[in-house]
Amino acid sequence: MVKGIKKLDYAFYRRADVLAIARDLIGKLLVTRVDQVLTSGRIVETEAYAGPSDKASHAYGNRKSTRTGVMYREGGCAYVYLCYGLHHLFNVVTNREGIPHAVLIRALEPVSGLDKMAERTGKKSGDISLTRGPGNLSRALGLRHGMSGTDLCGQDIFIADDGTAVPPGSILATPRIGVGYAAEDAALPYRFIWQGNKYVSGKISG
DNA sequence: CGACCGATCGTCT
DNA sequence: GACGATCGGTCGA
């Protein structure tokens with residue numbers, strides 16, 4: 001591993017405050033090694049899903065199934081699922097066993113393995129949409145829903161701190177995307193973005 | 001720029 | 001049998 005880069009440990013993921021974890025993930029590096037190739041990107045957008053009481057969460061009301069059961073595991077593994085039949089959305093499972101908290105990674109700024117990302121997506125390595133949006137970044141990094149449950153402290157998928165400091169004032173909390181069905185919970189400020197970063201999904205701003 | 005729509009299929013009812 | 005924690009293209013103002 002590259003000097004000066006620290007892989008996040010289980011203690012990071014097992015904290016009780018999923019909002020703090022979602023915020024803390026901004027600026028970290030998401031790294032995958034799929035097909036023997038390393039690809040990575042800096043996290044610039046996340047969303048917290050706060051368990052049984054959160055109407056936007058797959059685990060709302062403690063719903064549990066083969067797919068969502070991964071969310072109930074001890075924090076520190078991946079929850080990847082297929083959305084709309086074609087997009088693989090990558091989440092980080094947090095908190096302790098039995099508490100289905102998760103953080104959806106929604107956008108990255110590409111850091112390494114750009115050529116491989118381009119190959120996987122059929123785009124050019126400079127394409128802004130390469131890792132912008134949860135479906136796009138999963139394709140670029142080779143994340144598939146079959147990888148759900150993968151240990152985040154292993155070699156295949158992990159998140160690291162390379163010492164990059166994000167000014168607290170540049171992290172903005174907003175409502176989550178695409179969860180209009182969640183009634184009053186749709187308005188909760190559970191989405192965190194690195195304000196002004198061009199890889200943040202949605203409207204261009206900042 | 002905003003609104004709309006088709007693609008596509010595993011999962012849950 | 002219906003429905004998405006999306007994306008990218010198209011169409012109209």
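Protein chains get the first letters and strands the later ones, always in sequence-line order, with residue 1 at the start of each.
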Enquirer: Students often get this wrong, so: under 4.0 angstrom with heavy atoms, is Gly135(A) touching a base, only sugar-phosphate, or nothing?
Expert: sugar-phosphate
Enquirer: To the nearest angstrom, how far is Ile128(A) atom CD1 from dG8(C) atom C1'?
Expert: 15 Å
Enquirer: Tell me the interatomic distance from Leu86(A), atom CG, to dA7(B), atom P, rounded to whole angstroms.
Expert: 11 Å
Enquirer: With a 4.0 Å cut-off on heavy atoms, is Leu89(A) in touch with a base, just the backbone sugar-phosphate, or nothing at all?
Expert: sugar-phosphate
Enquirer: Quote, to the nearest angstrom, the P distance that separates dA13(C) from dC5(B).
Expert: 15 Å
Enquirer: What's the CG-P distance between Asp127(A) and dG8(C), to the nearest Å?
Expert: 8 Å
Enquirer: Side chain to side chain donor-acceptor pair (under 3.5 Å) with Arg42(A): which residues, sequence neighbours excluded?
Expert: Asp162(A), Thr164(A)
Enquirer: dA5(C) P sits how many Å from Phe192(A) CZ, rounded?
Expert: 20 Å
Enquirer: Check every strand shown and say whether Arg176(A) touches a base, only sugar-phosphate, or nothing at a heavy-atom separation below 4.0 Å.
Expert: nothing
Enquirer: On a whole-Å scale, what distance lies between the P atoms belonging to dT10(C) and dT8(B)?
Expert: 16 Å
Enquirer: Between dT13(B) and dA5(C), how many Å separate the two P atoms, rounded to a whole number?
Expert: 13 Å
Enquirer: Backbone N or O of Ser57(A) within a donor-acceptor pair of the Arg63(A) side chain at under 3.5 Å?
Expert: yes
Enquirer: Nearest 0.5 Å please: distance from the CG atom of Leu8(A) over to the CG atom of Leu29(A).
Expert: 9.5 Å
Enquirer: Which nucleotide sits closest to the side chain of Lys123(A): dG8(C), dA5(C), dG4(C)?
Expert: dG8(C)
Enquirer: Determine whether Val103(A) and Thr94(A) make a side-chain contact, defined as any pair of heavy atoms from C-beta on separated by less than 4.5 Å.
Expert: yes
Enquirer: Among dG8(C), dA5(C), dG10(B), which is the nearest nucleotide to the side chain of His145(A)?
Expert: dG10(B)
Enquirer: Using only heavy-atom distances, determine whether the side chains of Asp151(A) and Tyr10(A) contain a donor-acceptor pair under 3.5 Å.
Expert: yes
Enquirer: I want to verify a distance call: between dT13(B), dG4(C), dC7(C), whose nearest atom is closest to the Pro134(A) side chain?
Expert: dC7(C)
Enquirer: Just one of Arg23(A), Arg191(A), Arg132(A), Lys198(A) clears the salt bridge (Lys or Arg N to Asp or Glu O under 4.0 Å) bar with Glu45(A), so which one?
Expert: Arg191(A)
Enquirer: In this structure, how many angstroms lie between the C1' atom of dG10(B) and the OH atom of Tyr79(A), rounded?
Expert: 11 Å
Enquirer: What is the distance from CG of Leu137(A) to P of dG8(C), rounded to the nearest Å?
Expert: 12 Å
Enquirer: Looking only at side chains, do Ser201(A) and Arg106(A) share a donor and an acceptor under 3.5 Å apart?
Expert: yes
Enquirer: Describe the nucleic acid contact of Asn136(A) in one word from base, sugar-phosphate, nothing, applying a heavy-atom distance below 4.0 Å.
Expert: sugar-phosphate
Enquirer: Within the structure shown, what part of the strands sits under 4.0 Å from Leu82(A) by heavy-atom distance: base, sugar-phosphate, or nothing?
Expert: sugar-phosphate
Enquirer: Return the nearest nucleotide to the side chain of Tyr84(A); candidates are dA5(C), dG4(C), dG8(C).
Expert: dG4(C)
Enquirer: Would Tyr49(A) count as stacking on dA5(C) if stacking means ring centres less than 5.5 angstrom apart and planes tilted under 30 degrees?
Expert: yes
Enquirer: Which stems, defined as runs of 3 or more consecutive Watson-Crick or G-U wobble pairs with both pairing distances under 3.5 Å, involve DNA chain C?
Expert: B:1-7 with C:6-12, B:9-12 with C:1-4
Enquirer: For Phe192(A) and Leu19(A), what are the C-alpha separation, side-chain angles and deciding distance, and is it a side-chain contact (heavy atoms from CB on, under 4.5 Å)?
Expert: CA-CA 9 Å; Phe192(A) 298 92; Leu19(A) 294 176; 4.1 Å; yes
Enquirer: So does His87(A) reach the base of dA5(C) with its side chain, donor to acceptor, closer than 3.5 Å?
Expert: no
Enquirer: Counting distance only, does the side-chain N/O of Thr68(A) pair as donor-acceptor with the main-chain N or O of His58(A) below 3.5 Å?
Expert: no
Enquirer: Give Lys64(A) one of three labels, base, sugar-phosphate or nothing, depending on what nucleic acid heavy atoms sit under 4.0 Å from its own.
Expert: nothing
Enquirer: Using the side-chain heavy atoms of Arg106(A), tell me which of these nucleotides is nearest: dG8(C), dA5(C), dT13(B).
Expert: dA5(C)
Enquirer: Separation of Glu47(A) atom CD from dA5(C) atom C1', in whole Å?
Expert: 6 Å
Enquirer: Please give, in whole Å, the distance from dT11(B) P to Arg63(A) CZ?
Expert: 15 Å
